[in-house]
Structures are given as structure tokens and as C-alpha cells.
2 protein chains.
Amino acid sequence: MLKKIGIPQETARRLSLYLRSLRRLGQQGVDLASSEEITGFLNISPAQFRKDLSYFGGFGKRGVGYEVKVLRKEIEKILGTDVIWKIVLVGVGKLGSALLGYRGFVEFNLQIVVAFDNDPGKIGKIWEGIKIEDISKAKKIIKKNKIKIAILSVPAQAAKELSKELVSYGVKAILNFAPINLVLPKNIFVSNVDMASELESLVYKLKRS
Amino acid sequence: MLKKIGIPQETARRLSLYLRSLRRLGQQGVDLASSEEITGFLNISPAQFRKDLSYFGGFGKRGVGYEVKVLRKEIEKILGTDVIWKIVLVGVGKLGSALLGYRGFVEFNLQIVVAFDNDPGKIGKIWEGIKIEDISKAKKIIKKNKIKIAILSVPAQAAKELSKELVSYGVKAILNFAPINLVLPKNIFVSNVDMASELESLVYKLKRS
DNA sequence: ACGTGTGAACCGATTCACAGCA
DNA sequence: TGCTGTGAATCGGTTCACACGT
């Protein structure tokens, strides 16, 4: 319930990148690595890496570096990927079904356990090993499984209302793909993936480069 | 060629949100709106809105507000959405095909003109009105059409190499969906969409809330 | 000697608060 | 009067540089 303060927002995102780098080094058989080697693949400075870790403790050996395996486990613990997180996906349109099959979630122990839609043609089907349920069953299923995280991939006009419903069922965090601002209580975490806006920023940079 | 300095990175992203808000107000028949009304839908303060606009000029009337239509056109001009930008999509997998059909790009005058893949089963097909070409034709097509922007939705192991190729053909900006850091010249703009890492950050926040 | 860990300096961006103008 | 436009203050985060421990 208490919120530790003083840790930058971006640190969490970077930690997940460090994790990828450490896994890669581990696969290459590297046991010991310096901050320079770990950030070598990434676009992040060694100093930033050390600073980020310093918020959580000292995991390295001065004059030596970091034990790849140990640090990997520590970061997994910090991020919470040491246990499986169940998530639901709402909206099995084109994007939604692509996400159902997305392999990248596994590496962070994220598991889509069920998907919801309102299209009778989809309900009852199993796609990518995941059952598609009627959205009307969301309340029961989310409550029963104590799901805390939802991926929202529905059209913009439906997103606002649906997000409120999901929250009322116990969802605390939403990864939102609808290009609209969700209005939710402050204790609910929302992360927006806005692909059009992202591309647009690139256009803008191109234009003035 | 000259780069105007002093404009925050985030300002461009917010401008695209303002644009959406202005379109919405326009559709509702609103002619005049204050910074407070324009940002009402968004999660952005009126002061931030005014500050962002101030980098480009004074578009409002003191004591009154902004003309919705006029401001919309001004922002479109700033962002570059006043003309059509041709883009290519590389990698027509699940995610790639979902992006081919994504409607959100149109609002920013972004047009996917061709897609590339290396799967013979897909090459030559037309999906969502977009022709899928052999990746080996990318050089010719990109050069001929002077394409500057690419969406990269291929597996991580292919992304690094492909991104370099695209750049050698003249691509200057990449929207990258592969969970890997692309190593490219500094004058190339890359925007990463890392859905797994995004979700992971939500887990982290949940854990320590 | 070497690379970590970290306080301090720095930098960029947001917020504040009010002057300026319709 | 009301809302914009904007310097100034503030805030948060990154970078620097070096003390520290092995």
C-alpha cells in the first residue's frame, strides 16, 4: 500500500531491457559482465544502468562487475516477473487476435488466460490456445480469477465505457490500444499504446530534421 | 536541414492528441474553445497546452480562446499531416497484418502503400487493399517512391539486419515493433513499440502500489 | 587497478503566476 | 473581465566525477 518514492518512471521500463540483455548474455555463456557490457546492446549509458540499480541495492562487485545470473534473478524479483501474472484481453479484432498470438509476453511471465468479445461468431472459439468468452461473462471470470491486468484492444468509442467496467470488476492496470484518453480513478494504472501518434511524431521529426 | 531547438520531445506527441481533441470538438459543432476545454478530454493541463503552442506562435485570442478550425489546421501544418505521407510495412505476420488494416493511420494522413514479406504464400496477395511484395523488391520500390518511413513488424532476430537495409534504401524513420535495440546512424529516427515491456511496467507499478 | 555506487552538478521539461491584450 | 502567452521557479531525471571496496 505504501508507495516507495524517488524512483523514476523510466527506470522500470529500462529494467525490463536490462533483463533482456542479461538473458542474452546468459545464453552466450557469460557469467560476469560490467555495466558497460550489459548496456552494450542497448541505447543506455552504463552510468544510467548503475544509477537505476542503485535504487534497489548494490548488486555488483566493485572492480569486477555483475554476476549475470544473480542480477537477472534480482531484477526479475524487482519487476515481479518471478511469478506468473494472469491477464485478460478485451476485444478480439485484428489487433486483438495478433496480440493473442504474441510471443513476447511469455518472457515476462505474462499469461493471457482468456479473451472477451461481443461477436457471436467468435465467442466460444479457441484462438492461439485462448478461449474467447462473451464480454458479459467478464465480471464473473475476472472476479473469480482475481485478474488485475487487462489488455484493451477495442474501438475507441467502446473503450471508455469498457475500461470503467473492467475496473469495477477489480482490474487495476490497463494496456490501452484505443486512441482515446481513459478517465479512471487515480489508483488505476493505464499505459497507452498509440501507434498512429507514434508514427506522427516520426513525421514531425522528419519534417524538421 | 536546420534543427529548431528548444522544443521538448513530448510536445510533438501531445500535438497529435490536441489534434484529435480539436477534431472531436469540431464534429460537435464547437467553433471557439479555451485551453481548458480543449484539454478536457485529455490528461494534459491547460498550461501545458498553451506552453506547447507557444513554441510555434500565438494561435489564440486573449480573453476568448482558440478558433477550433483554425487551430486544427495550424497544428496539422506543424505536424506535417497536411500532406499525405507514404509508408511501407515490413513483415506481414500476425501483427503486421493487423497493422495493415489499422484505421487509425488515416487520421494523420499516413498511407501504407506497400507491404513486404519473404513468405511465398503471401507474396503477390492483396490484403486490406495493400499489395504484398517480395522483400527483395524493397530496394527498388522504396527508392522509386522515395519512401521515408517504415513500419517494422518482423521477428527480433531479423529486425537488426533489415533495419539497416531499409536505411540504405533511403528510409529515415522506423516504427519498430521488434523487442530489440536497432543500431542505426544518429540521423535516423526510431520509435520503439515494446508491448511486453509496457505491460511489464504495469506489473511493476501494481506490485509497488 | 578497476568498475561499482552515489552525492552533486546539470539539464530539460513542467508548472506557476502574472503581465498583456481582446 | 477572462483567457492567452510566457518568463521564472520548480521539479524530476540524467550525467558527471570520484570515493569506495575488492
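Only a predicted model underlies this, so the values are computations on that prediction, with no experimental measurement involved.
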Show me the donor-acceptor pairs, under 3.5 Å and distance only, between side chains in residues 61-70 of chain B and residues at least two apart or in other chains.
unit_1	atom_1	unit_2	atom_2	d
B:Lys61	NZ	B:Glu67	OE2	3.1

Polar-atom pairs under 3.5 Å, protein N or O versus N or O of nucleotides 17-22 of chain C: list them with distances, or write none.
unit_1	atom_1	unit_2	atom_2	d
C:dG20	N3	B:Arg62	NH1	3.1

Could you list the donor-acceptor pairs under 3.5 angstrom formed by side chains in residues 141-150 of chain A, with sequence neighbours left out?
unit_1	atom_1	unit_2	atom_2	d
A:Asn145	ND2	A:Ile141	O	2.9

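- Screening residues 184-196 of chain A for side-chain hydrogen bond (donor to acceptor under 3.5 Å, both in side chains) gives A:Asn176-A:Asn192, A:Ser191-B:Glu198, A:Asp194-B:Arg20 as the qualifying pairs, with residues at least two apart or on separate chains.
- As a whole-Å value, the separation of B:Leu53 CG from D:dC3 P is 17 Å.
- Take A:Glu36 and apply the salt bridge (Lys or Arg N to Asp or Glu O under 4.0 Å) test, not counting sequence neighbours, and it matches no residue.
- Counting non-hydrogen atoms of other residues, nucleotides and ligands closer than 6.0 Å to NZ of B:Lys86 gives a total of 12 or fewer.
- Residues satisfying the side-chain hydrogen bond (donor to acceptor under 3.5 Å, both in side chains) test with B:Ser163, not counting sequence neighbours, are none.
- The salt bridge (charged side-chain N to carboxylate O under 4.0 Å, His left out) contacts involving residues 157-178 of chain B comprise nothing, where partners must be two or more places apart or lie in separate chains.
- Protein atom OH of A:Tyr66 is 18 Å distant from nucleotide atom P of C:dC2, rounded to whole Å.
- Partners of A:Ser54 under the side-chain contact (heavy atoms from CB on, under 4.5 Å) rule, at least two apart in sequence or in another chain, are A:Lys51.
- Atom-to-atom, CG of B:Leu71 to C1' of D:dT4 comes out at 12 Å; the value is rounded to the nearest Å.
- Contacts with DNA chain C (heavy atom under 4.0 Å) in residues 29-45 of chain B: B:Ser45, listed by number.
- Atom CZ of A:Phe56 is separated from atom P of C:dG5 by 14 Å (rounded to the nearest Å).
- Partners of A:Arg50 according to the side-chain hydrogen bond (donor to acceptor under 3.5 Å, both in side chains) rule, which considers only residues two or more places apart in sequence or in another chain, are A:Ser35.
- Checked against side-chain contact (heavy atoms from CB on, under 4.5 Å), A:Asp52 has the following partners two or more places apart in sequence or in another chain: A:Thr11, A:Arg14, A:Tyr18, A:Gln48, A:Tyr55.
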- Message: For a quick check, with a 4.0 angstrom heavy-atom cut-off, what is the B/S/- contact string for nucleotides 9-14 of chain D, read 5' to 3'?
- Response: ----SB
